[in-house]
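To keep things clear, I will list the structure first and then write my remarks on it.
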There are 2 protein chains.
Amino acid sequence: MTKPLGERIRSQFEARILSGELAPGERLPTEAELMQQFGCSRMTVSKALSALADAGLIERRKRAGSFVSRPRVHSMVLDIPDLAEEVAARGQTHRYRLIRRDVSEAGIAHFGPAGGQVLALDGLHLADNVPFAFEQRLVDIAAVPDIADVDFGHLAPGSWLLRHVPWDEAETRIAAEGASGSIADWLDVEPGTATLVVERRTWRGSDSITFVRQHFRADQYDLVARFGQRSASRAPA
Amino acid sequence: MTKPLGERIRSQFEARILSGELAPGERLPTEAELMQQFGCSRMTVSKALSALADAGLIERRKRAGSFVSRPRVHSMVLDIPDLAEEVAARGQTHRYRLIRRDVSEAGIAHFGPAGGQVLALDGLHLADNVPFAFEQRLVDIAAVPDIADVDFGHLAPGSWLLRHVPWDEAETRIAAEGASGSIADWLDVEPGTATLVVERRTWRGSDSITFVRQHFRADQYDLVARFGQRSASRAPA
DNA sequence: GCGGATATAATGTCTATACATTATTGAGAC
DNA sequence: GTCTCAATAATGTATAGACATTATATCCGC
């Protein structure tokens, strides 16, 4: 019934820090003091404090002690799902339509290793046959040789890449932009209409794998990021 | 010189999972097997596997074992800094100009507890005297009584709140929107010009603290999120 | 005072063991 | 067969100790 002791120690300090009772820069008791206070072993308090440190709530310094961190930025978790899955989750039918596919030398697009070949894929994402995203993608063929054989006529490259190519680093840029003529045509909106632009570059090790630029119809898509209570879907006990 | 054993175990499995060598759904060795393989105690492998579980790379089930998670979404860290600090970091001068301040009953704006009072603050953020964000904010006065006494004539409410009010949960929505007439006026752009809209709602416990809606001039602001190698600023050893 | 060696206080890691918890398996009752 | 219940295999938490690491403080020579 009662929560584990280590978890209680952790959540007690979490609460005291978030409530402001423990101010940024303030020093926490040492592990030795805490094991006295809570009547438990050092491993238990150490694990609790390490969890707080992992979460960024405190900083621990040898010989000095543990201190409440100074909050600088709001770090939030942004979930960027596979578009096909997300549309399906909304109960709509996802379709991808390839518009252009060609292979070019790298360098022109400032992407990929010099001299390598780059696959360019332009396409349109549709939900229930309504266009909602125009996608321009570059893939480094050297990093993903298998891709040459895949038919992307109706399969979204993102879905395929997500399943077939491991990556360990990514950077996403989010901006707003008025739709240019051709993009407006594909999205079936007036030129100049606001679109949400998501650009993502993905790496494995130091090799670029793919760069994608997606224009979303603003009336059909937005992004949500959360902080705290990860998975608030838990039912109360 | 050599890294701690537990960390080596953790990073070895991390690499094997990210490289795809261990496929999603695949089962990892049990803790008992791993302590044989690595010649260490159970606590060590247990901590390593728990760290992988915390990072979402594996799932652990009692009696069943540890399994590589199926990657569903790209979880990225989105840093939302204080606007005043961010502008300063770019070497520009930040200024906030209050446009409207009034107190109204809650309920109208679907914010705050019924019957409570809500402070509405509209204002403009300027970088080097160029407007780049129009902000509409609601604050629950019951949750932040001190705010009644603060002069926001030139102090951005977000900066003040970040420093004075602890929160433990937040949700951010990011979208694109054409500027309406009055917003276009404030941002000094043509009506209909694309703006990046960031809406954030912040809670302490179950109480709403503030809701803010910011329209950014698309040509002056974007957001960046990263995954992997947190703080890539580390120099190579 | 000032700089540099040394002691020390705190965290970091690890061992070996114990018992708790829980989902699955499998045996037995029906 | 299928339902129920107990055995079991795995993870979850905790203990008590040991040694490693490292930033800070202190002392000492100058």
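In the text below, chain A, chain B and the rest are named by the order of the sequence lines, each starting its count at 1.
- Under the rule for a side-chain hydrogen bond (donor to acceptor under 3.5 Å, both in side chains), Gln136(A) has no partner lying at least two apart in sequence or in another chain.
- One interatomic measurement links the two molecules: CD of Gln36(B) to C1' of dA16(C), which rounds to 15 Å at whole-angstrom precision.
- The side-chain hydrogen bond (donor to acceptor under 3.5 Å, both in side chains) search around Glu26(A) returns none, not counting sequence neighbours.
- Within the structure, the salt bridge (charged side-chain N to carboxylate O under 4.0 Å, His left out) test picks out no pair touching residues 145-156 of chain B (sequence neighbours left out).
- The side-chain hydrogen bond (donor to acceptor under 3.5 Å, both in side chains) test applied to Thr172(A) returns no partner, not counting sequence neighbours.
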Revision key, fill the gap. A correct 5'-to-3' footprint of nucleotides 6-14 of chain C, with B, S and - meaning base, sugar-phosphate only and no protein heavy atom under 4.0 Å, is --BBBBBBB

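- Arg97(B) pairs by the side-chain hydrogen bond (donor to acceptor under 3.5 Å, both in side chains) definition with nothing, not counting sequence neighbours.
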